[in-house]
There are 2 protein chains.
Amino acid sequence: MTNSKEDLILQTAENMIRESGYNSFSFRKVAEKVGIKSASVHYHFPTKGELAEAVTKRYTENFIQAIGQPQDLHASGKNPIDVYIAAFRGAIVADNGVCLGGMLGAEVGSLPDDVIKATRTFFLRNVEWLEEAYQCLNYKGDINAKAKQTVSLLEGAMIISNVMKDISYFDSSAELLT
Amino acid sequence: MTNSKEDLILQTAENMIRESGYNSFSFRKVAEKVGIKSASVHYHFPTKGELAEAVTKRYTENFIQAIGQPQDLHASGKNPIDVYIAAFRGAIVADNGVCLGGMLGAEVGSLPDDVIKATRTFFLRNVEWLEEAYQCLNYKGDINAKAKQTVSLLEGAMIISNVMKDISYFDSSAELLT
DNA sequence: GTCTATAATTTGATAGAC
DNA sequence: GTCTATCAAATTATAGAC
């Protein structure tokens, strides 16, 4: 079982990073929202880089786990790509921000090394998942390319939908995959 | 004719925002690179928001002007979509950053209103351009959707290529449009 | 684990000399 | 137009009490 306070810090930091980016969130803002002081946040996560790294790893695990295994989805009659698209779309509507991977990917030029590494892992895991999904669907063609296209399209669509405050950028883009 | 010093400030700020984001660049860093003091940057652009707004407007004009009119490209035997893709690709390779629109789009949660407005204009102009391009190509189907798909795909591909330091994300993604 | 207090640095921005 | 000087605020991070 996970430590509840640390998890609250991670969730709060995740929301802030996804809304405004790594360079915009701070220990004080996270602490204020959690209801403790910034020094207490440092107790759990000594540096900003370590906090963001933990956020990214947690986000990756949660995301991959939330969508489930492509094989299982396919076996139960669902199209795994539709599930993947729905997971992205839900994040736009529910939260007020973009995908953590997309945000950190854009900001890579000002990120600590360990956060960059964790961000790359997020995308590698996503491409892996999508490759399995397209394999399930018996996709004819370059599966690796198709996986990269899928994640690229949805990340871009999410970011533009977010700034335009117009979900049709996402929905119109997602149509390309069906 | 444009003021050379102001243009140098704008270009420097653009490079920094595209590499690390709005929240990571500062008057002092821009000034240092230009070879003046931060107070002198404030003389040209009183606030950070005004500077970023000017950067975004300049970037938009430069980008649209650089790729040319879709009709002209088509008339001279070029596929305007290929030109558009090449313009994006060139920016990844030449500069060490992503598209300004994609960066600011991700960071929208921490941007001054005027910068958000300028960023939206960038995307509207891009979609407009792409709609004209697909019209030239006699594209059958929803032209607005196709334009949104195109810009979403390339923005996402650019951001992921940048963080993965792997241009194949961009090239594989661009294949989807041909 | 959380707090107060504080250090060291950076930030956006302004006043006023030249 | 550019400079020096400065300010008020925010930042990451640490020391030490409780």
Side-chain angles (χ1 to χ4, degrees), chain A residues 1-56 58 103-104 107-116 118, chain B residues 1-56 58 103-104 107-116 118:
Chain A
M1 175 173 168
T2 50
N3 183 315
S4 179
K5 181 61 71 68
E6 288 196 351
D7 213 60
L8 182 57
I9 292 171
L10 290 170
Q11 184 62 56
T12 304
E14 179 196 308
N15 290 343
M16 287 179 173
I17 298 176
R18 287 179 54 194
E19 203 179 320
S20 318
Y22 176 85
N23 295 293
S24 179
F25 97 102
S26 71
F27 279 86
R28 269 179 178 74
K29 287 179 196 161
V30 170
E32 200 178 353
K33 208 137 209 171
V34 171
I36 54 178
K37 297 293 174 181
S38 73
S40 304
V41 180
H42 277 283
Y43 168 80
H44 295 285
F45 304 96
T47 69
K48 190 175 180 179
E50 283 169 280
L51 173 51
E53 185 192 358
V55 166
T56 308
R58 174 176 172 279
M103 176 66 82
L104 297 179
E107 288 182 304
V108 66
S110 55
L111 257 36
D113 280 347
D114 288 336
V115 182
I116 297 177
Chain B
M1 174 174 169
T2 51
N3 182 314
S4 177
K5 180 61 71 72
E6 288 196 350
D7 213 59
L8 183 57
I9 292 171
L10 289 171
Q11 185 62 57
T12 304
E14 180 196 309
N15 291 343
M16 286 181 172
I17 298 176
R18 287 179 56 196
E19 202 180 318
S20 317
Y22 175 85
N23 294 292
S24 179
F25 95 102
S26 70
F27 279 86
R28 274 178 175 77
K29 287 180 197 162
V30 171
E32 199 179 353
K33 207 135 208 171
V34 172
I36 55 180
K37 296 295 173 181
S38 74
S40 304
V41 181
H42 277 284
Y43 167 80
H44 294 284
F45 304 96
T47 69
K48 190 175 179 179
E50 284 170 279
L51 173 52
E53 185 191 357
V55 166
T56 308
R58 173 177 173 278
M103 176 66 83
L104 296 179
E107 288 183 304
V108 66
S110 55
L111 258 36
D113 280 348
D114 289 337
V115 182
I116 296 176

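Throughout, a chain's letter reflects where its sequence line sits, starting with A, and its residues are numbered from 1.
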remark   = A:Lys29 NZ to D:dT12 C1', in whole Å, measures 13 Å
task = Looking only at non-hydrogen atoms, find the nearest pair between A:Ala52 and A:Tyr22 and report the distance.
result = CB-CE1, 3.4 Å
ask   = From the list C:dA5, D:dC3, D:dA13, which nucleotide is the closest neighbour of the side chain of B:Ala39?
value = D:dC3
message = When you measure from the side-chain N and O atoms of B:Ser40 to the phosphate of D:dG1, is any distance below 4.0 Å, counting only OP1 and OP2?
response = no
key: Between P of C:dG12 and CG of A:Asn23, the distance in whole Å   = 12 Å
message = On DNA chain C, does the nearest nucleotide to B:Phe25 precede the nearest nucleotide to A:Ile9 from the 5' side, or the other way round? Give the residue.
response = A:Ile9
message = Whole angstroms only, please: what is the CD1-P distance between A:Ile36 and C:dG1?
response = 11 Å
B:His44 side, atom NE2; B:Ile36 side, atom CD1 - distance, nearest 0.5 Å = 5.5 Å
key: C:dA15 phosphate, OP1 or OP2, under 4.0 Å from B:His42 side-chain N/O   = no
inquiry  = Taking the cut-offs as 6.0 angstrom to the six-membered ring centre and 45 degrees off its axis, would you call A:Lys37 and A:Tyr43 a cation-pi pair?
reply    = no
query = For the pair made of OH in A:Tyr22 and P in D:dT11, what is the distance, rounded to whole Å?
reply = 13 Å
inquiry  = Nearest whole Å is fine: how far is D:dT2 C1' from B:Phe27 CZ?
reply    = 15 Å
note = With the side chain defined as heavy atoms from C-beta on, B:Lys37 is closest, among C:dA13, D:dC3, D:dT11, to D:dC3
key: Protein-nucleotide distance (A:Lys48, atom NZ; C:dT10, atom C1'), rounded to Å   = 12 Å
request  = Report the distance from atom CD of A:Glu32 to atom P of C:dT2, rounded to the nearest whole Å.
outcome  = 17 Å
note = Given the options A:Arg18, A:Glu19, A:Gln11, A:Asn15 meets side chain to side chain donor-acceptor pair (under 3.5 Å) only with A:Gln11
query = Taking the side chain of B:Ser26 as heavy atoms from C-beta outward, which of C:dG12, C:dG1, C:dC3 is closest to it?
reply = C:dG12
query = Given D:dG1, C:dT2, C:dA13, which nucleotide is nearest the side-chain atoms of B:His44?
reply = D:dG1
First encountered from the 5' end of DNA chain D, between B:Arg28 and B:Lys5 = B:Lys5
task = Compute whether any side-chain donor of one residue and acceptor of the other, for B:Glu50 and B:Thr47, lie under 3.5 angstrom apart.
result = yes
task = Return the value, rounded to whole Å, for the distance between atom CD of A:Glu50 and atom C1' of D:dA13.
result = 12 Å
